[in-house]
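Proteins get letters first, then strands, A, B, ... in listed order; numbering begins at 1 in each.
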There are 2 protein chains.
Amino acid sequence: MTKQVRNTAAKSAVIEMLTVSKTALSHAEIYHQLQSTCDRVTVYRILDRLIEEGAAHRIALTDGTVKYALCEQCGEGQHHLHSHLHFNCLQCGGVSCLESEIPKVQLPRKFKLHDVSLVVNGICASCNV
Amino acid sequence: MTKQVRNTAAKSAVIEMLTVSKTALSHAEIYHQLQSTCDRVTVYRILDRLIEEGAAHRIALTDGTVKYALCEQCGEGQHHLHSHLHFNCLQCGGVSCLESEIPKVQLPRKFKLHDVSLVVNGICASCNV
DNA sequence: CTCTTTTTTGCAACTTTGTTGCAATAATGT
DNA sequence: ACATTATTGCAACAAAGTTGCAAAAAAGAG
Ligand SMILES: [Zn+2]
Ligand SMILES: [Zn+2]
Ligand SMILES: [Zn+2]
Ligand SMILES: [Zn+2]
């Protein structure tokens, strides 16, 4: 029997925050913005849960920081693969999901592809004056 | 005047280790394998330095862990962009540089591309029996 | 609404990871 | 062998992430 999902104030707050935000957010950013309305550990657990539920996905930047974004364009259900690319602005630091599909990659013989994570570093439209 | 580069035992050991290893290594892996022949901080600094010198590059996995690999196929000099892709085996956990070039990505108007980080998650040839 | 079940939360304690300043040490060129 | 300057070790932090457990809260049933 699959675990039941519950909606709590903290979880809703995180979802709301990710919904409103134009950029993906890190655990620290989310936690600070919540102004200690809930525990640091709780934020970790909410984020883990959102990912497990397929409501959010993780984005790992080149320096190792991890950001979270809601899954919107992601295919729902079994084939929940975030096959869109991410953009990390080197100026404003913003990270966003782009609609663009990830191009097909060629793998050596016998390698089996599961999913692809692609982050483009550069200058975003807002910063590119 | 540009900072002079020195070769030390610790640095050579790290380079040797990365040369021998078939997979990219994390700071923790490198440090433990060095069996406390040098300090944890030193390993951090050596890795930073290797990257600054263009001798190594960083690979960020989906879960946020960072691995290091020597730059071999990377273009030397000014255009030192690691335009090859990385493979992360979901079974053995190994991370390796693949020769395959990263396909061109399409960005929205006004976005300026600097570099691309692409990690393919899947099953490697050794694990794919 | 009340009770029950199960999930979620807070807290404390802890581990791991990464950073900084400074004095001691070691590499390089002369 | 000496001087210069990069590198290292150490100590002390700061930040990030994990775990166990008891208390609190959500959902469903009666
Ligand atoms: Zn920007
Ligand atoms: Zn995304
Ligand atoms: Zn493998
Ligand atoms: Zn590589």
Taking [atom1] from [X] and [atom2] from [N], how many angstroms apart are they, rounded to a whole number?
{"X": "A:Asp39", "N": "C:dA12", "atom1": "CG", "atom2": "C1'", "value": "10 Å"}
{"X": "A:Arg58", "N": "D:dA16", "atom1": "CZ", "atom2": "C1'", "value": "13 Å"}
{"X": "B:Asp48", "N": "C:dT17", "atom1": "CG", "atom2": "P", "value": "16 Å"}

Under 4.0 Å between a side-chain N or O of [X] and OP1 or OP2 of [N]?
{"X": "A:Thr8", "N": "C:dT8", "result": "no"}
{"X": "A:Arg45", "N": "C:dT9", "result": "no"}
{"X": "B:Lys3", "N": "D:dT7", "result": "yes"}
{"X": "A:Arg6", "N": "D:dA25", "result": "no"}

Next item on the list: Answer whether the closest heavy-atom distance between the side chains of A:His57 and A:Tyr68 falls below 4.5 Å.
Entry: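 No - every pair of side-chain heavy atoms lies 4.5 Å or more apart.
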Item checked: Options C:dC22, C:dT19, C:dT28, nucleotide nearest the side-chain atoms of B:Val41 -> C:dT19
Notebook entry, point to check: For the side chain of B:Ile46, counting heavy atoms from C-beta on, which of D:dA16, C:dT17, D:dT8 is nearest?
Noted result: D:dT8
Notebook entry, point to check: With sugar-phosphate meaning primed atoms plus P, OP1 and OP2, does B:Thr37 contact a base, only sugar-phosphate, or nothing at under 4.0 Å between heavy atoms?
Noted result: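 Sugar-phosphate, no base atom in range.
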Notebook entry, point to check: With a 4.0 Å cut-off on heavy atoms, is B:Ala10 in touch with a base, just the backbone sugar-phosphate, or nothing at all?
Noted result: sugar-phosphate
Check: Taking the nucleotide of DNA chain C with the closest heavy atom to each, which residue, B:Tyr44 or B:Asn7, is nearer the 5' end?
Finding: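 Nearest nucleotide further toward 5': that of B:Tyr44.
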Item checked: Joint hydrophobic cluster, B:Leu113 plus B:Leu85, side-chain heavy atoms closer than 4.5 Å -> yes
Margin query: Could you walk me through whether B:Asn121 and B:Thr62 satisfy the side chain to side chain donor-acceptor pair (under 3.5 Å) test, starting with their C-alpha distance in whole Å, then the side-chain angles of each, then the deciding distance to 0.1 Å, before giving a yes or no?
Written below: CA-CA 9 Å; B:Asn121 297 300; B:Thr62 317; 3.2 Å; yes
Note to self: Which is more 5' along DNA chain D, the nucleotide nearest A:Gln4 or the one nearest B:Arg49? Just name the residue.
What the structure shows: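 With A:Gln4 and B:Arg49 compared, the 5'-side residue is B:Arg49.
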Next item on the list: Please round to the nearest 0.5 Å and tell me the distance separating atom NE2 of B:His114 and atom CD of A:Gln91.
Entry: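 The NE2 atom of B:His114 sits 12.5 Å away from the CD atom of A:Gln91.
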